[in-house]
2 protein chains.
Amino acid sequence: MIVLLLFLRRIISDMERLFSNLTITVHPKIYLKDPESSDLGLRIIEHSILLVDEIGFEAFTFKKLGQRIGSNESSIYRYFENKHKLLLYLTNWYWGWLEYKLVMETYSINSPKDKLKQALEVITRPVETDASFSHIDEIKLGQIVVNEFSKSYLTKEVDDENKEGYFAIYKRLIHRVRDMILESCPDYKHPASLASTVVDGALHQHFLMDHFTSITDCKKSSPPTVFFKHLVLNTLNIDA
Amino acid sequence: MIVLLLFLRRIISDMERLFSNLTITVHPKIYLKDPESSDLGLRIIEHSILLVDEIGFEAFTFKKLGQRIGSNESSIYRYFENKHKLLLYLTNWYWGWLEYKLVMETYSINSPKDKLKQALEVITRPVETDASFSHIDEIKLGQIVVNEFSKSYLTKEVDDENKEGYFAIYKRLIHRVRDMILESCPDYKHPASLASTVVDGALHQHFLMDHFTSITDCKKSSPPTVFFKHLVLNTLNIDA
DNA sequence: GCAAAAATAATAGTAATACTATCAAGTATC
DNA sequence: GATACTTGATAGTATTACTATTATTTTTGC
């Protein structure tokens with residue numbers, strides 16, 4: 001009994017350590033100075049999420065952000081070259097966070113099909129808050145990803161930035177889903193396309209729920225998860 | 001025999017009339033002055049497609065376009081309020097054109113399943129040129145839709161612009177696909193989501209083929225059409 | 001063929017954006 | 001207490017995204 005208690009205590013302490021030290025790693029070339037390394041940096045991240053969510057990425061400027069956090073435009077430029085890089089930082093952080101959730105929530109599942117189902121759950125469900133990161137409003141960041149992520153790669157600089165590794169986390173997340181699809185269904189011919197379609201499609205369906213309801217069937221009572229689980233499982237001929 | 005010849009002649013003449021008079025209708029509130037109504041207007045459309053394709057929508061300005069067509073910035077402003085409206089015009093034109101292709105190429109097919117298959121073909125295949133519209137480079141316009149369309153609705157003004165009807169053609173196209181899905185499979189619960197996923201997903205897969213090849217299986221030899229046909233037909237339990 | 005109207009061009013000007021550069025002030029560190 | 005580092009303040013530049021005005025050219029209606 002005491003042994004069990006001690007054992008449990010060790011697990012809990014392990015988890016606490018894991019959680020308290022946990023930081024999502026973003027490619028260092030995306031920033032000039034690591035925003036996690038200072039108070040100002042953390043405030044830049046915290047309030048850029050709030051401000052972009054409020055006024056949209058187009059209207060967002062470093063000047064407005066500076067006014068908001070009582071800091072100077074020029075100081076923000078010491079952390080990020082421009083607002084595009086800041087958007088890359090935010091979306092990278094999001095995909096890193098989602099990847100972490102995906103790994104955590106599927107790690108201990110042995111059945112490939114159950115694993116895949118749980119992965120679909122994590123990827124297509126609405127974003128929920130995570131107390132581990134006090135400076136990040138995950139729900140608003142999720143909205144930013146829905147509304148702005150595609151603008152981060154639909155540019156003339158994609159290929160260069162892709163070579164630099166700015167989209168590596170996003171692609172790695174999709175590779176993980178692809179591999180889970182393959183484990184469930186080794187003969188399926190389009191695992192990467194299916195994985196990317198689900199990840200992109202989930203963002204798209206969430207957008208449609210908010211703005212173009214006539215071209216989606218998703219709603220609060222039947223969220224994207226339902227649609228995508230049915231889609232993937234039927235495509236792979238796996239029974240629900 | 002003569003009767004038959006006369007009959008054929010009438011059909012051909014009908015088609016010619018149809019084709020020669022054919023214009024894709026774009027919501028009039030998108031422009032200040034109809035670009036199809038003048039030589040300058042046509043040149044604006046023709047060269048905006050070339051220029052946006054070349055330098056991307058972000059770097060595109062009315063000033064550059066003016067220089068390119070030997071015309072003045074201020075003259076272009078008489079046709080379009082701003083470059084966002086011009087993008088709306090171009091993408092509206094594209095979706096109107098694709099809808100016309102969809103209707104033409106599926107109209108005479110009676111079997112709902114064959115009709116749906118042909119619809120998937122039209123929507124997911126690479127864009128091909130259409131000699132009917134001399135001022136439009138359909139292939140480049142298709143590239144613009146892949147790279148820029150989502151920017152036209154991922155804005156803070158979507159809801160207002162949607163109310164104005166700026167996205168009506170796009171939504172109508174998806175409704176047509178949704179209805180074809182329902183005719184093939186009346187019990188399927190997510191026809192609109194499936195239709196919007198295919199339309200958006202097709203653009204996305206074309207983008208991935210060009211820039212993020214590791215997260216797609218699509219390539220010249222196995223284009224998005226193959227993936228999406230398999231996806232839709234399996235989801236609906238229709239045998240290929 | 002000419003006057004009126006319409007379309008286009010030219011020019012100028014404004015506010016905002018997206019920065020860069022410089023210098024001053026405050027803070028941390030050794 | 002000197003030094004390095006961070007942040008703040010100010011100024012300045014080129015470009016963008018327009019608006020306004022006036023001049024010139026083209027179209028058209030009679």
Side-chain angles (χ1 to χ4, degrees), chain A residues 28-48 51-52 54-90 135 148 151-152 154-157 160-161, chain B residues 28-48 51-52 54-90 135 148 151-152 154-157 160-161:
Chain A
K29 277 197 132 182
I30 288 178
Y31 48 76
L32 296 170
K33 180 182 170 166
D34 185 359
E36 304 238 26
S37 72
S38 75
D39 190 61
L40 178 61
L42 292 170
R43 287 161 54 70
I44 288 172
I45 300 308
E46 177 179 0
H47 288 274
S48 64
L51 191 54
V52 170
E54 253 177 55
I55 65 176
F57 186 65
E58 274 67 46
F60 172 88
T61 67
F62 281 0
K63 194 172 189 178
K64 289 176 189 166
L65 178 61
Q67 282 161 356
R68 179 105 164 205
I69 63 178
S71 182
N72 198 278
E73 195 189 1
S74 61
S75 303
I76 300 168
Y77 274 105
R78 288 207 188 81
Y79 286 83
F80 295 99
E81 275 177 67
N82 50 49
K83 68 174 180 173
H84 175 246
K85 285 282 178 77
L86 174 54
L87 178 61
L88 284 174
Y89 184 92
L90 296 180
H135 65 302
E148 322 288 359
K151 297 172 193 168
S152 77
L154 294 174
T155 68
K156 282 284 163 186
E157 296 79 35
D160 289 339
E161 296 188 346
Chain B
K29 276 197 134 184
I30 288 178
Y31 48 78
L32 296 170
K33 180 180 169 168
D34 185 358
E36 304 238 24
S37 72
S38 75
D39 190 61
L40 177 63
L42 291 171
R43 286 161 54 72
I44 288 171
I45 299 308
E46 178 180 358
H47 289 274
S48 65
L51 191 54
V52 170
E54 253 177 55
I55 65 177
F57 186 65
E58 275 68 45
F60 172 88
T61 67
F62 281 0
K63 195 171 188 179
K64 288 176 190 168
L65 178 60
Q67 281 161 354
R68 177 104 165 205
I69 62 179
S71 181
N72 199 278
E73 195 189 358
S74 61
S75 303
I76 300 167
Y77 273 105
R78 291 209 186 77
Y79 286 84
F80 294 99
E81 275 179 66
N82 49 51
K83 69 175 180 172
H84 175 246
K85 285 285 178 76
L86 174 55
L87 178 61
L88 283 174
Y89 183 93
L90 296 180
H135 65 302
E148 323 287 359
K151 297 173 193 168
S152 77
L154 294 175
T155 68
K156 283 283 163 187
E157 296 79 34
D160 289 340
E161 296 188 345

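So you know, we letter chains A, B, ... as the sequences are listed, proteins then strands, and number each from 1.
- Remark: the backbone N or O of A:A59 is paired with a side-chain donor or acceptor of A:K64 at under 3.5 angstrom.
- Minimum atom distance to the side chain of B:L40 is reached by C:dA9, of the listed C:dA9, D:dA17, D:dT7.
- In this structure, the CG atom of A:L65 is 15 Å from the C1' atom of D:dT7, given to the nearest Å.
- Between B:E58 and B:K151, at least one side-chain nitrogen of the basic residue sits less than 4.0 Å from a carboxylate oxygen of the acidic one, meeting the salt-bridge criterion.
- Here B:K64 does not reach the OP1 or OP2 of D:dT15: none of its side-chain N or O atoms lies under 4.0 Å away.
- At a threshold of 4.0 angstrom between heavy atoms, the contacts of A:Y77 include nucleobase atoms, whether or not backbone atoms are also involved.
- Backbone-only engagement by A:S38 is indicated by non-hydrogen atom pairs under 4.0 Å involving sugar-phosphate atoms exclusively.
- If you measure from atom CD of B:E73 to atom P of C:dT8, you get 16 Å, rounded to the nearest angstrom.
- Atom-to-atom, CZ of B:R78 to P of D:dC18 comes out at 15 Å; the value is rounded to the nearest Å.
- Annotation: A:K83, atom NZ; neighbour count of heavy atoms from other residues, nucleotides and ligands within 6.0 Å is above 12.
- The interatomic distance linking B:K63 (NZ) with C:dT11 (P) rounds to 12 Å, in whole Å.
- Annotation for A:H84 and A:T155: closest pair NE2-CG2, 4.4 Å, computed over non-hydrogen atoms.
- In this structure, B:N72 atom CG and C:dA9 atom P are separated by 7 Å, rounded to whole Å.
- B:T61 comes within contact range of the sugar-phosphate backbone alone, with a heavy-atom separation under 4.0 Å but no base atom that close.
- In this structure, B:Y79 reaches the sugar-phosphate backbone alone: every heavy-atom distance under 4.0 Å involves primed, P, OP1 or OP2 atoms, never a base.
- The phosphate of C:dT8 has OP1 or OP2 within less than 4.0 Å of a side-chain N or O from B:K33.
- The pair B:R68-B:E54 meets the salt-bridge criterion, since a charged nitrogen lies less than 4.0 angstrom from a carboxylate oxygen.
- Atom CZ of B:F62 is separated from atom P of D:dC18 by 8 Å (rounded to the nearest Å).
- Regarding contacts with the backbone of D:dT10, every side-chain N or O of A:S74 stays at 4.0 angstrom or more from both OP1 and OP2.
- Set against D:dT7, D:dA17, C:dA18, the side chain of A:S75 has D:dT7 as its closest nucleotide.
- The distance between atom CZ of B:F80 and atom C1' of D:dA17, rounded to the nearest whole Å, is 17 Å.
- Distance CD (B:Q67) to C1' (D:dT16): 13 Å, rounded to an integer number of Å.
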